[in-house]
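For reference, the structure is listed below as structure tokens.
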Amino acid sequence: MKILLIEDEVKTAHYLKKGLEENGFEVESAMDGKIGLHLALENSYQLVIMDIILPGMDGREICKTLRKASIDTPILMLTALGSTKEIVVGFDVGADDYLVKPFEFQELLARIKALTKRHSKIKAQDNILKIAGLSLDVERKQVKRDGKQIELTVKEFALLEYFLRHPGKVISRAELAKNIWKVDFDTGTNMVEVYVSYLRNKIDKGYDLKLIHTQFGMGYILKLA
């Protein structure tokens, strides 16, 4: 299980990372909010543990940004601010649980177990997206077509997942740019076309049945020809 730890207190970060790794977790850490956000957006984790007060960007803003980006990874907030108001604000921006400092390490492990168990139940029915012989495993970040594994970059994976969640729908370039790259569409760039081309080369090339189709003047659609 891979965990992202965002904590700027050196001793606390070292203690938590060491303890988690001793309990079999793979831990990637950041001591700055902006760096932590970048890691969370570009990589796949089963859990994010982060302090609220961080340099660069605080934990609540990170949480809010991740939820806006449709990243539903469980988030456990660590905080010295244990008031009801602070906790409610955290839940409002998408945190899944809170742990008030100081805390016992065994309590942290118990919270991790409960969070990941709850999340796995929620995701069980929505974990594998399929069309024809193409399948995308959201949890394992694996893509296969007719049993053959296909390697995709982070953005290619996100693009394919978006198509699979909207089968039969014509999706404009503007919609893809907004939801995959989180930017307003700029007609002066061919970013979307380039990535759709990359994706087609990986999932459609060599197959008689093409899945990603161009709707000229409108965008793209994932469907059986």
Side-chain angles (χ1 to χ4, degrees), residues 1-8 13 16-17 20 25-79 89-98 112 115-116 119-120 122-123 126-129 136-143 150-166 171-186 189-196 198-199 202:
M1 177 176 170
K2 193 172 182 180
I3 294 175
L4 174 61
L5 173 65
I6 312 174
E7 170 62 70
D8 66 315
L16 293 177
K17 188 173 190 295
L20 290 168
F25 298 104
E26 180 183 352
V27 182
E28 191 161 6
S29 59
M31 301 185 71
D32 176 275
K34 288 184 178 180
I35 294 173
L37 175 62
H38 175 75
L39 290 172
L41 289 171
E42 295 298 322
N43 299 286
S44 176
Y45 302 96
Q46 282 68 57
L47 178 67
V48 176
I49 301 174
M50 63 180 166
D51 200 349
I52 289 182
I53 300 174
L54 293 163
M57 177 182 287
D58 73 34
R60 284 163 296 202
E61 282 301 312
I62 295 172
C63 189
K64 188 176 180 180
T65 303
L66 292 178
R67 296 313 187 218
K68 281 187 175 180
S70 299
I71 293 175
D72 61 355
T73 304
I75 295 175
L76 173 59
M77 291 281 203
L78 306 179
T79 179
V89 169
F91 283 131
D92 283 347
V93 295
D96 294 278
D97 201 359
Y98 257 84
I112 291 172
L115 267 178
T116 53
H119 189 71
S120 66
I122 293 172
K123 294 293 289 183
D126 199 27
N127 199 37
I128 299 178
L129 307 174
L136 180 148
D137 190 318
V138 177
E139 183 69 21
R140 293 184 174 85
K141 302 299 179 186
Q142 292 180 347
V143 174
I150 300 170
E151 297 296 329
L152 300 181
T153 66
V154 171
K155 289 301 183 187
E156 289 167 354
F157 187 93
L159 183 60
L160 179 58
E161 181 178 353
Y162 197 83
F163 277 127
L164 283 166
R165 291 192 184 279
H166 302 85
I171 306 173
S172 69
R173 292 182 298 165
E175 182 178 344
L176 291 173
K178 181 178 180 180
N179 287 280
I180 306 302
W181 287 271
K182 315 305 172 187
V183 296
D184 291 331
F185 186 64
D186 179 2
T189 178
N190 66 342
M191 174 180 64
V192 174
E193 291 93 331
V194 168
Y195 271 87
V196 170
Y198 290 159
L199 192 56
K202 292 185 177 182

Discussion item. Pair E139, S44 - check side chain to side chain contact (heavy atoms under 4.5 Å, CB included), show working.
Written reply: CA-CA 9 Å; E139 183 69 21; S44 176; over 6 Å; no

Reported [atom1]-to-[atom2] distance for the pair [X] and [Y], which is rounded to 0.5 angstrom:
X	Y	atom1	atom2	value
L129	H166	CG	NE2	11.0 Å
S29	M50	OG	CE	15.0 Å
L176	E193	CG	CD	10.0 Å
L54	E7	CG	CD	7.0 Å
I6	L39	CD1	CG	7.5 Å
K202	I150	NZ	CD1	9.5 Å

List for me each residue that meets side chain to side chain donor-acceptor pair (under 3.5 Å) alongside [X], sequence neighbours excluded, and say none if there are none.
X	answer
Q142	none
D8	none
E42	none

Could you pull out the closest heavy-atom pair between [X] and [Y], with the gap in Å?
X	Y	answer
R140	D137	N-OD1, 2.9 Å
R173	V192	O-CG2, 3.7 Å
A13	L5	O-CD2, 3.7 Å
M191	A177	CE-CB, 4.5 Å
D51	L78	OD1-O, 2.8 Å
C63	A95	SG-N, 3.3 Å

Ring pair (Phe, Tyr, Trp, His ring centres under 6.0 Å) with H38: which residues, sequence neighbours excluded?
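None.
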
Quick one: ring pair (Phe, Tyr, Trp, His ring centres under 6.0 Å) partners of Y195, sequence neighbours excluded?
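For Y195, the residues satisfying ring pair (Phe, Tyr, Trp, His ring centres under 6.0 Å) (neighbours in sequence not counted) are W181, Y198.
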
Do [X] and [Y] come within less than 4.5 Å of each other through their side chains, counting heavy atoms only?
X	Y	answer
L76	V48	no
K34	P55	no
F25	Q46	no
L159	V196	yes
I180	K155	yes
L66	T73	no
I53	D58	no
Y45	I3	no

Taking T153's backbone N and O only, do any of them form a donor-acceptor pair with E156's side chain (distance below 3.5 Å, no angle check)?
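A pair under 3.5 Å: yes.
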
- Message: I'd like to know whether V138 forms a side chain to side chain contact (heavy atoms under 4.5 Å, CB included) with I128, so could you lay out the CA-CA distance, the side-chain angles of the two residues, the decisive distance to 0.1 Å, and finally the verdict.
- Response: CA-CA 6 Å; V138 177; I128 299 178; over 6 Å; no

Among all residues two or more places apart in sequence or in another chain, which pass the salt bridge (Lys or Arg N to Asp or Glu O under 4.0 Å) test with E26?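 E26: no salt bridge (Lys or Arg N to Asp or Glu O under 4.0 Å) contacts found.
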
### Task
Flag yes if more than 12 heavy atoms outside K2 fall under 6.0 Å of its NZ atom; otherwise flag no.
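Atom NZ in K2 is crowded, with more than 12 foreign heavy atoms closer than 6.0 Å.
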
Whether over 12 other heavy atoms sit under 6.0 Å from K64 NZ: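 Atom NZ in K64 is not crowded, with 12 or fewer foreign heavy atoms closer than 6.0 Å.
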
Worksheet item: Would T65 and L37 count as a side chain to side chain contact (heavy atoms under 4.5 Å, CB included) if you check the C-alpha gap in whole Å, the side-chain angles of each, and the deciding distance to 0.1 Å?
Response: CA-CA 8 Å; T65 303; L37 175 62; 3.9 Å; yes

Start with the C-alpha distance between I112 and M1, add both sets of side-chain angles, then the distance that settles side chain to side chain contact (heavy atoms under 4.5 Å, CB included), and finish with yes or no.
CA-CA 11 Å; I112 291 172; M1 177 176 170; 4.0 Å; yes

